[in-house]
Number of protein chains: 2
Amino acid sequence: MDDDVPPTASAVAASGGAPAPAPEPTRAPAPATTSGAPKRARRTRQATVERRAEILRAAAHTFGTKGYKTGSLAEVAEQVGITHAGVLHHFGSKDQLLVEVLEYRDKEDVRELEGQHIPGGIELFRHLVRTAAANEDRPGIVQSYSVLTGESVTENHPARAWVTERFTVLRGEITDAVETVVGPGVEHERAVEAASAIIGVMDGLQVQWLLDDTVHLAHATRFAIEAILQAVCPPGVTLPSLD
Amino acid sequence: MDDDVPPTASAVAASGGAPAPAPEPTRAPAPATTSGAPKRARRTRQATVERRAEILRAAAHTFGTKGYKTGSLAEVAEQVGITHAGVLHHFGSKDQLLVEVLEYRDKEDVRELEGQHIPGGIELFRHLVRTAAANEDRPGIVQSYSVLTGESVTENHPARAWVTERFTVLRGEITDAVETVVGPGVEHERAVEAASAIIGVMDGLQVQWLLDDTVHLAHATRFAIEAILQAVCPPGVTLPSLD
DNA sequence: CACAACTTACTGACTTGTCAGTAAGCCGGT
DNA sequence: ACCGGCTTACTGACAAGTCAGTAAGTTGTG
């Protein structure tokens, strides 16, 4: 009722986000019949994958607003007009559902960015700032990301591995971009610190903004990224603008 | 079993944290008998306030590791050797228990800082860096802070108001310190942005560090704070060192 | 004694997950 | 073109557990 079902939540990924369902040619992507079992592997039907995607979007919404632990299968099911047992039919368990929600989002993120090559160097930082600006119009996505991230540090949380991996990848990409932008004068260790700080400040500002919208998400993010890049910049080098 | 029961969780407050129970003179702080009811207010007995404090520490531990929603009253009760109904006898409801946990921590924070005046100006930033360093030795506290903060952005969370207020106060204090340090050359708006960014980066780095200890919490925090302060510094002014 | 600090016992709401049964659709053979 | 055999997509009922909260009774202590 409030905000749309989010297609993505990553700190980097996605700008505008057309929620178009992506029609795909016809039928199913012809799954590789896993060698060994000679049974006809006629699994995935078109209607099924669409139904599952519906459920995944509903689950993303519920887990995003209520959190994983608090969001119930019944609530997810209701959104797509089935019972909680129907959801379990498709995903087996609640944990598995969460894992597939996360994977689904990753795939969506990739789809949105395809064509437009993954930005590197200064373009990455511009992308980050644009993302922060875009996020000011979709609190639902930001909330979902913040809630899941916060929850993931509890004991044995099913999203923990996913979040950890995501941070690792992100730090790697941003570290590369830092080294590209400021040249070979930086110690690797400092570039990693800068990358961690940039991710940290983005996430931390999101939480503050969610709780109190006097915080200027986009402005503060831009300011902080610029400050951090400036700090790793050797005296001679001048940074390109982030616009 | 794993880590000690945390006395505090704020991003600013507390350095070492002696878990000493603080004996206090004798009896109770003589509660202001709210004018009107002439009942003898012999409520608080010494043993009782200590028992409650025990429960509050246990609850802080449970909510910190499992989160508020997932942590149960039974688990809290078990830690102090009573049943969950015994806990409810003291606090009335789970929500109320959480609120009192939060208040208890605030009081503890204040107690620890009393005598040593609340730092302002450059001393505040030194305090923040020292806190980050100290936090590397107490993941329990950091986790508890991160979990509760993340959870608080969900719908109708009982800690939401508290977390929001805390951020507001913190931003105010840090903004003042920024203005003190870099002089009158800064626009107020920029100082607020810097304050938000500093809080954000501290919180964000904590989460990354909890999930992956290759992140250097103290170093990265120090680096980021320095970078942000440098960025709001007018060309002429030179910052004092953060050591 | 009176009251605080419990315990025991229980309720009702909600959880995830299992299971059997049903309706609908596809699929190959004739 | 229809039929038997099969899979998928559910529903509804239920199991088994956890949870917060309540009510009534017990114990110990100032």
Side-chain angles (χ1 to χ4, degrees), chain A residues 26-28 30-31 33 37-56 58-59 62-63 66-101 151 154-158, chain B residues 26-28 31 37 39-56 58-59 62-63 66-101 151 155-158:
Chain A
T26 28
R27 282 292 165 193
T33 36
K39 293 179 181 181
R40 73 180 177 306
R42 75 127 156 58
R43 306 204 96 256
T44 47
R45 296 197 324 228
Q46 177 61 8
T48 305
V49 314
E50 267 167 19
R51 197 86 173 107
R52 287 186 173 220
E54 254 186 273
I55 297 171
L56 289 174
T62 292
F63 294 161
K66 305 269 181 93
Y68 170 72
K69 294 281 185 178
T70 315
S72 73
L73 291 179
E75 189 186 311
V76 173
E78 200 189 13
Q79 290 173 75
V80 297
I82 61 176
T83 64
H84 88 274
V87 174
L88 286 172
H89 163 72
H90 283 288
F91 297 97
S93 74
K94 196 189 179 190
D95 274 32
Q96 186 57 29
L97 175 60
L98 175 62
V99 168
E100 297 209 23
V101 165
E151 212 177 351
T154 56
E155 291 169 348
N156 302 326
H157 196 281
Chain B
T26 28
R27 281 294 163 192
K39 293 178 179 179
R40 74 175 177 311
R42 85 127 155 55
R43 304 204 94 256
T44 48
R45 294 193 327 216
Q46 177 61 8
T48 305
V49 314
E50 269 167 18
R51 199 85 172 107
R52 286 187 174 220
E54 253 186 274
I55 297 171
L56 289 174
T62 291
F63 294 160
K66 305 269 181 91
Y68 171 73
K69 295 280 185 179
T70 315
S72 72
L73 291 179
E75 189 186 312
V76 173
E78 200 191 13
Q79 291 173 73
V80 296
I82 62 176
T83 65
H84 88 275
V87 174
L88 285 172
H89 163 74
H90 284 288
F91 296 98
S93 74
K94 195 188 179 189
D95 273 33
Q96 185 57 30
L97 175 61
L98 176 62
V99 169
E100 298 209 22
V101 165
E151 211 177 352
E155 292 170 347
N156 302 326
H157 196 280

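Every chain is numbered from 1 and lettered A, B, ... according to where its sequence line falls, protein lines coming before strand lines. Below, each value reflects all heavy atoms present in this structure, side chains not excepted, and no hydrogens, waters or symmetry copies.
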Q) In the 5'-to-3' direction, what one-character label does each nucleotide of nucleotides 13-21 of chain C receive under the scheme B = base within less than 4.0 Å of a protein heavy atom, S = sugar-phosphate only, - = no such atom? A) --SBBB---
(Q) Could you work out, with side chain to side chain contact (heavy atoms under 4.5 Å, CB included) as the rule, every residue matching I82(A), not counting sequence neighbours? (A) R51(A), I55(A), A77(A), V80(A), V87(A)
Q: Using the salt bridge (charged side-chain N to carboxylate O under 4.0 Å, His left out) rule, collect all pairs that involve residues 71-80 of chain B, keeping only residues at least two apart or in two chains.
A: K66(B)-E75(B)
(Q) I need the CD-C1' distance between E50(A) and dA9(D), as an integer number of Å. (A) 15 Å
Q: For residues 83-101 of chain B, pull every pair meeting salt bridge (charged side-chain N to carboxylate O under 4.0 Å, His left out), keeping only residues two or more places apart or in separate chains.
A: none
Q) Is the shortest side-chain N/O distance from R51(A) to OP1 or OP2 of dC10(D) below 4.0 Å? A) yes
Q: Give a yes/no on whether any side-chain N or O of H90(A) is located under 4.0 angstrom from OP1 or OP2 of dC10(D).
A: yes
(Q) Which residues pass the ring-ring contact (aromatic ring centres under 6.0 Å, His included) test with H157(A), not counting sequence neighbours? (A) Y68(A)
Q. Are OP1 or OP2 of dC6(C) and a side-chain N or O of H89(B) less than 4.0 angstrom apart?
A. no
Q.
What is the separation between atom CD1 on I82(B) and atom P on dC6(C), rounded to the nearest whole Å?
A. 6 Å
Q: Check side chain to side chain contact (heavy atoms under 4.5 Å, CB included) between A85(A) and all other residues, then give those that pass, not counting sequence neighbours.
A: T83(A)
(Q) When you measure from the side chain of T154(A) to the backbone of E151(A), do you find a donor-acceptor pair of N or O atoms at a distance under 3.5 Å? (A) yes
